[in-house]
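One structure below.
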Amino acid sequence: MEEIKNEEEKSLNFIEEIVEEGLHSGKHQKILTRFPPEPNGYLHIGHAKSICLNFGLAKKYNGKTNLRFDDTNPVTEETEYVGSIKEDVRWLGFEWANEFYASDYFEQLYEFAVKLIKKGLAYVDDSTGDEIAAQKGAPTEPGMRNKYAERSIEENLLLFADMRAGKYADGEKVLRAKVDMASPNMQLRDPIMYRIKHAHHHRTGDKWCIYPMYDFAHGQSDSIENITHSICTLEFVAHRPLYNWFIEQLEIFPSKQYEFARLNLTYTVMSKRKLLQLVNEKYVNSWDDPRMPTISGYRRRGYTPESILKFADKIGVQKRENLIDLSLLEFCIREHLNKIALRRMVVLDPLKVVITNYKKDSELVRSEDNPEDENTGYREIPFSAEIYIEKEDFMENPPKKFFRLAPGQKVRLKSAYIIQCDEAVKNADGSIAELRCSYIPESKSGSDTSGIKVQGTLHWVSVKHAVTAELRLYDRLFRVEDPSNEENDFKEYINPDSLQVIKTVYAEPALKKAGFDERYQFLRKGYFCLDKDSSKDKMVFNRTVTLKDTWAKEQKKK
RNA sequence: UGCCCGAUAGUAUAAUGGUAGUACGACAGAUUUUGGUUCUGUUUGUCUUGGUUCGAAUCCAGGUCGGGCAACCA
């Protein structure tokens, strides 16, 4: 009830308003959207925003969404990308009504072009690319039409057929729409509809040697599918008049285009071109490198679909340029992981502690798998006289408010006993070799009768029971908030410490049963998930995100 | 200096002519066997100048600033 109420009270974004208007006025019975990726790269979190918008809108208003690959440029497109895109959309939890390809419509688009030629609205131009560009004029000056625009309908029909038949080389001729060379909108200055490319297409093979441009494929594809709301990013605003012009001249279903601002995130880049560079030039290991803002990167890093959906919901949809704080994404994943992650104790940088008055060989202590969720139950952890704690959890000369271990100071070992540090044994070079501590037998967790209050609780691992693993700690990929907006090339701002590998960490035995679908919180250290590089003998964990650490933050300030 | 789009706390996002609110961040405190979680509180905002109106973040006009448009890319 509460949730329904919130749903109703939540204000609509501008696209939802448009949708509701169309529904209420009877303009649409049902809405149909589409997600139209070009299969020339992996999807990133910016696409996730678009996916959530397109599929989310359909879901909310009881409509449907098509997945349509915009594959009109065979030179850059590959089947590998088609697979990854489908996997990513499904992973986010969306199912498409139909899987289509712009290339499905090549024959129909060809007929559309012929129709425009017959209406005297398209012509074959023999000019070079430079000539066409020069004739287009400038934003402040009108363009000039050349002699080819005067060709007869019959000649154009013939030449266009010859283009298709492969009688010309790449670049020799193009088909252009005859719109308005003097338009203040450059997109309307007789835009190119078809170009010649003798290239192998990932679906149509060598059937075609002419391929439609975006502007003569996208809107027509929308129309063929009866898309009601064709939602794209802001850079296509100037294309909208052309989008409408083609549809009007062709007299086909009037799909409408609406534009929203693309997502930008701090400390990363969000263009396929730049991401491709990072992969090709080995700044990262792959498209799904956990430092990448790709959907596959976030997946491998341990982000959940829920967290990304939540994020998309929180950032909203608008038309103004934006740069979202990474901290918002991190908030979303921490919020979800806090609820679902199994707690485990793992020591990253070990310091041995000998509990001198502990005479038993070992015993099992009980600890909750997740204090946020009582349904998850408990696990048993072996405790013994020799344990590891983090080096950073001991200081010989601690500052005030250091709630951890120091000579004479007491701490709680999580789910076990309170110990007191009696002595720090040193190496010849003065570094700490190990700690000698004594434990308080009546302070056992759950049956503590000692009455002793301590300020700090440490995670720990029994030395002889410990299992090992490799950890990969990730930090932001770039040192600056907006690398694309800096003076120099964006790659100069890469964070050299974005990946830190710890070859061996020590974990409680329960971690041995780690699974790929499970999420873990390593107590006081962060959220982790098993990486696909793991093998039977070696576990590898990715740090999804750290825990909030107010102590570290305070130390940094000093 | 052509045309188009936009401008609300540090960052996002609401308020649709009638009390400028929410989230994240930051800061302070309480709770806590994770310096986590949770809870409470504080902080900071309508780009500017005019106009319309009883009343303007909202409507109008001028300006300023930011973004986009002159690929045989999408």
Side-chain angles (χ1 to χ4, degrees), chain A residues 10-13 17 36-38 40 70-73 75-77 125 127-129 132-134 136-143 170-176 183-189 192-197 210-211 213-215 217-218 232-241 259 261 266 272-273 314-332 334-335 338-339 343 345 367-368 371-372 401-404 411-416 418 443 445-446 448 454-459 481 521-526 546-555:
Chain A
K10 202 183 167 198
S11 52
L12 304 176
N13 66 49
E17 279 178 11
E38 184 189 11
N40 69 344
D70 226 332
D71 55 353
T72 57
N73 185 0
V75 180
T76 57
E77 294 151 6
D125 192 329
S127 307
T128 64
I132 289 176
K136 268 201 179 167
T140 50
E141 297 162 34
D170 288 8
E172 215 175 310
K173 284 180 165 51
V174 292
L175 182 73
R176 299 177 72 178
S183 172
N185 181 345
M186 299 297 290
Q187 306 300 330
L188 262 22
R189 320 249 268 223
I192 293 172
M193 294 163 59
Y194 270 91
R195 75 287 216 195
I196 300 169
K197 276 181 195 275
I210 57 171
Y211 292 93
M213 297 285 288
Y214 169 86
D215 286 305
H218 201 103
C232 62
T233 45
L234 249 28
E235 65 268 30
F236 293 104
V237 169
H239 294 243
R240 194 188 330 129
E259 313 86 8
T266 55
K272 279 196 209 168
R273 205 195 91 246
K314 287 182 95 86
I315 59 177
V317 179
Q318 254 306 331
K319 298 186 79 158
R320 43 185 114 101
E321 292 295 325
N322 59 78
L323 179 61
I324 311 278
D325 263 345
L326 180 61
S327 61
L328 183 62
L329 215 210
E330 292 186 338
F331 168 81
C332 293
R334 282 193 186 106
E335 186 185 46
N338 177 49
K339 290 197 186 91
R343 270 56 171 178
M345 293 202 284
S367 194
E368 64 279 322
E372 303 293 317
K401 286 202 165 176
F402 184 77
F403 301 150
R404 309 178 186 183
V411 294
R412 157 78 60 186
L413 294 175
K414 172 72 182 172
S415 298
I418 291 173
S443 68
S445 281
D448 186 350
V454 293
Q455 302 234 60
T457 300
L458 306 186
H459 63 281
E481 281 203 336
Q521 184 197 105
F522 294 173
L523 248 59
R524 304 207 300 141
K525 284 294 161 190
T546 61
L547 257 30
K548 273 215 288 193
D549 190 345
T550 51
W551 170 251
K553 200 199 293 175
E554 227 169 281
Q555 296 308 295

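Letters A, B, ... mirror the listed sequences (proteins, then strands); counts begin at 1. Note that the structure is a prediction, hence the values are computed from the model and not measured.
Distances shorter than 4.0 Å separate none of the side-chain N or O atoms of Arg524(A) from OP1 or OP2 on G36(B). Between Thr550(A) and the phosphate of G36(B), there is a side-chain N or O to OP1/OP2 separation shorter than 4.0 Å. Contact check, Gln455(A) against U32(B): no side-chain N or O comes under 4.0 Å of OP1 or OP2.
For U37(B), the base has no donor-acceptor partner in the side chain of Arg334(A) [N/O atoms by modelled type, under 3.5 angstrom].
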Contact pattern, 5' to 3', of nucleotides 64-74 of chain B - B, S or - by protein heavy atom under 4.0 Å: ---S-SBSBSB

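Within the nucleic acid shown, Lys414(A) comes within 4.0 Å of at least one base atom, counting heavy atoms only. In this structure, Gly446(A) reaches the bases: a heavy-atom distance under 4.0 Å links it to at least one base atom across the strands shown. Here Leu458(A) lies out of heavy-atom contact (under 4.0 Å) with every strand. Across all strands shown, Phe402(A) has heavy atoms under 4.0 Å from base atoms, whether or not it also approaches the sugar-phosphate. Within 4.0 Å of Glu141(A), counting heavy atoms only, lies no atom of the nucleic acid at all.
Distances from the side chain of Ser327(A) to the nucleotides C4(B), A14(B), G25(B) place G25(B) closest.
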Give the dot-bracket string for RNA chain B, reading 5' to 3', where a pair is Watson-Crick or G-U wobble with both distances under 3.5 Å, ( ) marks pairs inside the strand, [ ] marks pairs crossing earlier ones, | marks a partner on another strand, and . marks unpaired. .((((((..((((....[..)))).(((((.......)))))....(((((..]....))))))))))).....

